[in-house]
Amino acid sequence: MKLQSCSRGQDLYIYLSGELDECSAREMRVRADRIIDEHAGLSRAVFNLAGVKFMDSTGIGFLIGRYKKLKSYGMTMLLENPDRNADKVLSVSGVYSLIPKI
Amino acid sequence: MNKMQLKILSRSENETFARNAVAAFVLPLNPTLSELSDIKTAVSEAVTNCIVHAYPGREDWITLECETEGNTLHITVSDSGKGIADITQALTPFYTSLPGEERSGMGFTIMQTFMTGFSVESAPGVGTTVKMSKTLGARAGSDAQ
Ligand SMILES: Nc1ncnc2c1ncn2[C@@H]1O[C@H](COP(=O)(O)OP(=O)(O)OP(=O)(O)O)[C@@H](O)[C@H]1O
Ligand SMILES: [Mg+2]
């Protein structure tokens, strides 16, 4: 699982790739939170899921966890480019009502 | 008709192996990519639950059994761990017994939505058995990718 980030203006972009499951989530939490801490004060964080080839409910827990952290910093979270499987998992779980897809 | 049985230790790195093994087993039935990813996701949910809930803080055996019957795949995932006292509550969307650990409580809901058949049997202190099935080509055409 890979995580890359960059910021443009008021937006933080986080690019996830690989398989987001119980095995990878622990490390991803630490890495994503470090990047969020470093960018506290920006207004939005966009998670790009184009490279996520597998995701299950552990991935939902991961995304909602980051949503809560961003919210505590007053930042909005958005999702971008989930593949078909990730999109189905996200839709079934009602995640988009909390974290909109752009 | 074909059968396979797989026994793995409840380590999270075995999740990838388990879902890919089941995917490889069902390949001769020519699943669509979307059917294949539904099956992998459901297997991952069941195996993760064994690791996280059945055997918290320890390693023990998880058994997967698969059987193909016509164009249907039957999967059984069982553990001899903690067990579930209240199955109705466990099946409720968003219910999790580990709210402090970033769990969404959607695992069982995903298994039920992604598979055609689903049932769970459990007894506290004895273990849990999740049975799932997927009939391939059920929505042929619209499901093709
Ligand atoms: N194999 C199991 N052994 C013991 N308890 C289980 C098992 N599988 C599920 N449970 C119980 O059922 C509850 C619901 O499971 P479900 O997979 O829906 O949600 P979760 O695992 O808590 O969260 P998520 O799957 O979204 O990460 C769990 O919180 C747990 O209490
Ligand atoms: Mg679960």
Side-chain angles (χ1 to χ4, degrees), chain A residues 1-3 14 16-34 36 47 49-72 77 79 81-99, chain B residues 8-20 22-23 31-56 62 90 93-115 142-145:
Chain A
M1 181 101 213
K2 263 174 45 177
L3 190 155
I14 295 183
L16 298 176
S17 57
E19 302 195 304
L20 187 47
D21 61 8
E22 176 60 22
C23 191
S24 61
R26 254 165 291 169
E27 192 198 334
M28 283 304 114
R29 270 175 211 140
V30 176
R31 289 174 61 190
D33 284 354
R34 194 182 307 137
I36 293 169
F47 280 67
L49 305 179
V52 177
K53 293 300 162 223
F54 179 84
M55 189 178 121
D56 60 18
S57 67
T58 304
I60 300 296
F62 166 83
L63 291 172
I64 293 174
R66 307 298 67 72
Y67 163 82
K68 288 181 180 162
K69 183 172 178 76
L70 287 159
K71 202 176 166 199
S72 75
M77 179 168 166
L79 297 174
N81 289 328
D83 78 359
R84 192 183 163 131
N85 170 58
D87 192 56
K88 192 168 173 183
V89 171
L90 291 162
S91 305
V92 167
S93 317
V95 170
Y96 292 137
S97 62
L98 216 55
I99 315 170
Chain B
I8 53 169
L9 269 185
S10 57
R11 293 187 183 178
S12 66
E13 67 253 41
N14 286 336
E15 278 180 22
T16 320
F17 171 65
R19 63 180 178 252
N20 287 331
V22 175
T32 63
L33 283 180
S34 124
E35 287 167 339
L36 212 50
S37 72
D38 286 355
I39 292 165
K40 284 166 77 172
T41 308
V43 169
S44 191
E45 294 298 351
V47 171
T48 303
N49 280 350
C50 300
I51 297 169
V52 174
H53 302 294
Y55 304 126
I62 302 171
F94 304 111
Y95 169 79
T96 177
S97 54
L98 296 175
E101 293 191 14
E102 294 196 349
R103 299 261 144 228
S104 65
M106 287 306 290
F108 277 141
T109 307
I110 288 173
M111 290 182 238
Q112 285 172 285
T113 313
F114 285 30
M115 301 296 277
S142 66
D143 207 33
Q145 191 175 309

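As the structure is a computational prediction, the values presented were derived from the model and not from experiment. In what follows, chains are A, B, ... by sequence order, proteins preceding strands, each numbered from 1.
By the 4.0 Å N-to-carboxylate-O rule, D21(A) lies close enough to R19(B) to be salt-bridged with it. Ion pairing between E101(B) and R29(A) fails under the 4.0 Å rule for side-chain N and carboxylate O.
Proximity to chain A is limited to the side chain of V52(B), based on heavy atoms less than 4.5 angstrom apart. Residue T41(B) touches chain A through both its backbone and its side chain, counting heavy-atom pairs closer than 4.5 Å. If you measure heavy-atom distances from T48(B) to chain A, the contacts under 4.5 Å come from the side chain alone. With a 4.5 angstrom heavy-atom cutoff, E19(A) touches chain B only via side-chain atoms. With a 4.5 angstrom heavy-atom cutoff, E15(B) touches chain A only via side-chain atoms. Neither the backbone nor the side chain of R11(B) has a heavy atom closer than 4.5 Å to any heavy atom of chain A.
In this structure, CG in L36(B) is found 10.0 Å from CG in N85(A), a value given to the nearest 0.5 Å.
Between E45(B) and S57(A) there is a side-chain heavy-atom pair separated by less than 4.5 Å.
Results of the side-chain contact (heavy atoms from CB on, under 4.5 Å) test with L49(A) over L90(A), L20(A), N81(A), D83(A) single out L90(A) as the only residue that passes. Under the side-chain contact (heavy atoms from CB on, under 4.5 Å) test applied with N14(B), the options I62(B), L9(B), I51(B), V47(B) reduce to a single match, L9(B).
Among G61(A), G65(A), S24(A), the residue with the largest count of heavy-atom pairs under 4.5 Å with chain B is G61(A). Here V92(A) is the residue among I64(A), V92(A), V95(A) with the most heavy-atom pairs under 4.5 Å with chain B.
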